[in-house]
*Asks:* 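Sharing a structure here in structure tokens format.
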Amino acid sequence: MRKLVCIGDSFTEGLGVPKTAAWPALLQRELGVEVINKGISGDTTGGMLGRFTHDVVWQNPSHALIIGGGNDLWWDLSQNVLLANMYAMVKQALHHGIVPIIGASGSGFDPGQVDGEQVWEPVAGYGTLLRRGKEYAAALEEMAKKSGLLFLSFQGIFHDERGEVDQTYFAGIDGLHPNQAGHAKIAGAAASFLREVIV
């Protein structure tokens, strides 16, 4: 039996949308396999690592999609800490016979559209956050490549043909988290990649 656990933060949990409209639920319908959403808004890679046994291993999945780091970068933590935590989760998955998939969340949001009353500003500012997010995604991809691991990137998924952020994917939330249209976009991209991997 194929089963996928998605562990992460608000990108995975689906902050601001009904859980039935979050991309893991949409992905389950798209792929026809069980998909368990273990996203927790505000969580860090350290938090994910701490709950990995309970939220992933004990679910006995065939695959685990691990997406995290956005909140670590929000607090301006060292990239090496993020990579170490992600790698530790990968190694735990492999130890328990689970196929790990390293994910990089979408970096496409416009800081000028973020609702400051709902969202705190990143410790080092939005410019640094966006730059470091791209660097982190590249480092994750390099780690996956060198380790022979599966890698799924959502970088740039919300950009239009001119490379600018399409705000329709964030409208009605807080300017930072995707709305239902955004989650449908994520689910479509994930399904295209995972259909060959899981089904």
Side-chain angles (χ1 to χ4, degrees), residues 5-17 22-24 36-57 64-94 98 100-111 113-116 118-147 149-159 165 170 173-178 182-183 186 189-190:
V5 172
C6 302
I7 184 169
D9 50 32
S10 58
F11 181 82
T12 299
E13 181 184 19
L15 181 68
V17 304
W23 65 264
I36 300 173
N37 186 341
K38 289 296 182 178
I40 295 180
S41 294
D43 204 3
T44 61
T45 56
M48 292 164 55
L49 178 58
R51 60 188 173 88
F52 194 83
T53 297
H54 179 274
D55 282 359
V56 178
V57 175
L65 177 52
I66 308 166
I67 307 178
N71 293 304
D72 304 66
L73 294 176
W74 199 275
W75 293 103
D76 203 28
L77 299 184
S78 165
Q79 178 172 276
N80 286 340
V81 172
L82 282 65
L83 293 174
N85 289 337
M86 292 290 284
Y87 191 69
M89 286 185 275
V90 163
K91 296 301 283 186
Q92 286 194 34
L94 291 170
I98 301 165
I101 304 162
I102 298 175
S105 61
S107 63
F109 68 91
D110 180 355
Q113 301 297 318
V114 176
D115 184 347
Q118 295 189 61
V119 182
W120 292 1
E121 185 168 340
V123 169
Y126 282 110
T128 298
L129 175 70
L130 290 170
R131 174 182 56 79
R132 293 196 62 208
K134 292 177 182 178
E135 293 171 354
Y136 173 56
L140 281 175
E141 184 172 15
E142 182 67 15
M143 183 175 77
K145 185 182 300 183
K146 286 184 176 180
S147 302
L149 300 167
L150 295 168
F151 178 72
L152 172 57
S153 176
F154 297 103
Q155 291 285 296
I157 192 173
F158 301 123
H159 290 85
V165 177
F170 299 89
I173 306 297
D174 55 13
L176 176 65
H177 295 94
H183 279 270
I186 297 167

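For the single chain, residues carry numbers from 1 onward in sequence order.
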*Asks:* Which residues pass the salt bridge (charged side-chain N to carboxylate O under 4.0 Å, His left out) test with E121, not counting sequence neighbours?
*Replies:* none

*Asks:* Which pair of heavy atoms, one from D72 and one from G46, lies closest together, and at what distance?
*Replies:* OD2-N, 4.3 Å

*Asks:* Which pair of heavy atoms, one from L150 and one from P100, lies closest together, and at what distance?
*Replies:* CB-O, 4.1 Å

*Asks:* What distance separates L65 CG from I101 CD1, expressed to the nearest 0.5 Å?
*Replies:* 5.5 Å

*Asks:* Rounded at 0.5 Å granularity, tell me how far CG in L149 sits from CD in E141.
*Replies:* 12.5 Å

*Asks:* Is the closest basic N to carboxylate O distance between E142 and K146 below 4.0 Å?
*Replies:* yes

*Asks:* How are the rings of F11 and F154 set relative to one another: parallel (under 30°), tilted (30 to 60°) or perpendicular (over 60°)?
*Replies:* tilted

*Asks:* Considering residues at least two apart in sequence or located in another chain, which fulfil the salt bridge (charged side-chain N to carboxylate O under 4.0 Å, His left out) criterion with D174?
*Replies:* none

*Asks:* So, do P178 and I186 sit near enough that their side-chain heavy atoms are less than 4.5 Å apart?
*Replies:* yes

*Asks:* Kindly list each side-chain donor-acceptor pair under 3.5 angstrom involving residues 80-88, sequence neighbours excluded, with atom names and distances?
*Replies:*
from	atom 1	to	atom 2	distance (Å)
N85	ND2	T45	OG1	2.9
N85	ND2	V81	O	3.4

*Asks:* Provide the closest heavy-atom pair for G103 versus I67 in the form atom of the first, atom of the second, distance.
*Replies:* CA-CG1, 3.7 Å

*Asks:* Evaluate the criterion side chain to side chain contact (heavy atoms under 4.5 Å, CB included) for residue pair I66 and I102; output intermediate values, then yes/no.
*Replies:* CA-CA 5 Å; I66 308 166; I102 298 175; 5.7 Å; no

*Asks:* In Å and rounded to the nearest 0.5 Å, what is the CG to CG distance from D115 to L176?
*Replies:* 10.5 Å

*Asks:* What pair of heavy atoms forms the shortest contact from A22 to G14, and how long is it?
*Replies:* CB-CA, 4.1 Å

*Asks:* Determine which pairs satisfy salt bridge (charged side-chain N to carboxylate O under 4.0 Å, His left out) with at least one residue from residues 124-140, sequence neighbours left out, and list them in order.
*Replies:* D76-R132, R131-E135

*Asks:* By the definition side chain to side chain contact (heavy atoms under 4.5 Å, CB included), identify the one residue from V56, D43, T12 that meets it with M48.
*Replies:* D43

*Asks:* I'd like to check I173 versus V17 (side-chain heavy atoms, cut-off strictly below 4.5 Å). Are they in contact?
*Replies:* yes

*Asks:* With rounding to the nearest 0.5 Å, note down the distance linking NE2 in H54 to NZ in K38.
*Replies:* 6.0 Å

*Asks:* Could you tell me which non-hydrogen atom of F109 sits nearest to which non-hydrogen atom of P111, and how far apart they are?
*Replies:* O-CD, 3.4 Å

*Asks:* Using the test ring-ring contact (aromatic ring centres under 6.0 Å, His included), find all partners of F158 that sit at least two apart in sequence or belong to another chain.
*Replies:* Y169, F170

*Asks:* Using the side chain to side chain donor-acceptor pair (under 3.5 Å) criterion, which residues pair with Q155? Sequence neighbours excluded.
*Replies:* S107

*Asks:* Let me confirm one number: the CG-CH2 distance from N37 to W23, rounded to the nearest 0.5 Å.
*Replies:* 7.5 Å

*Asks:* Between W74 and T44, is there a side-chain heavy-atom distance shorter than 4.5 Å?
*Replies:* no

*Asks:* Would you give the length of the straight line joining atom CZ of R51 to atom CD1 of I7, rounded to the nearest 0.5 angstrom?
*Replies:* 4.0 Å

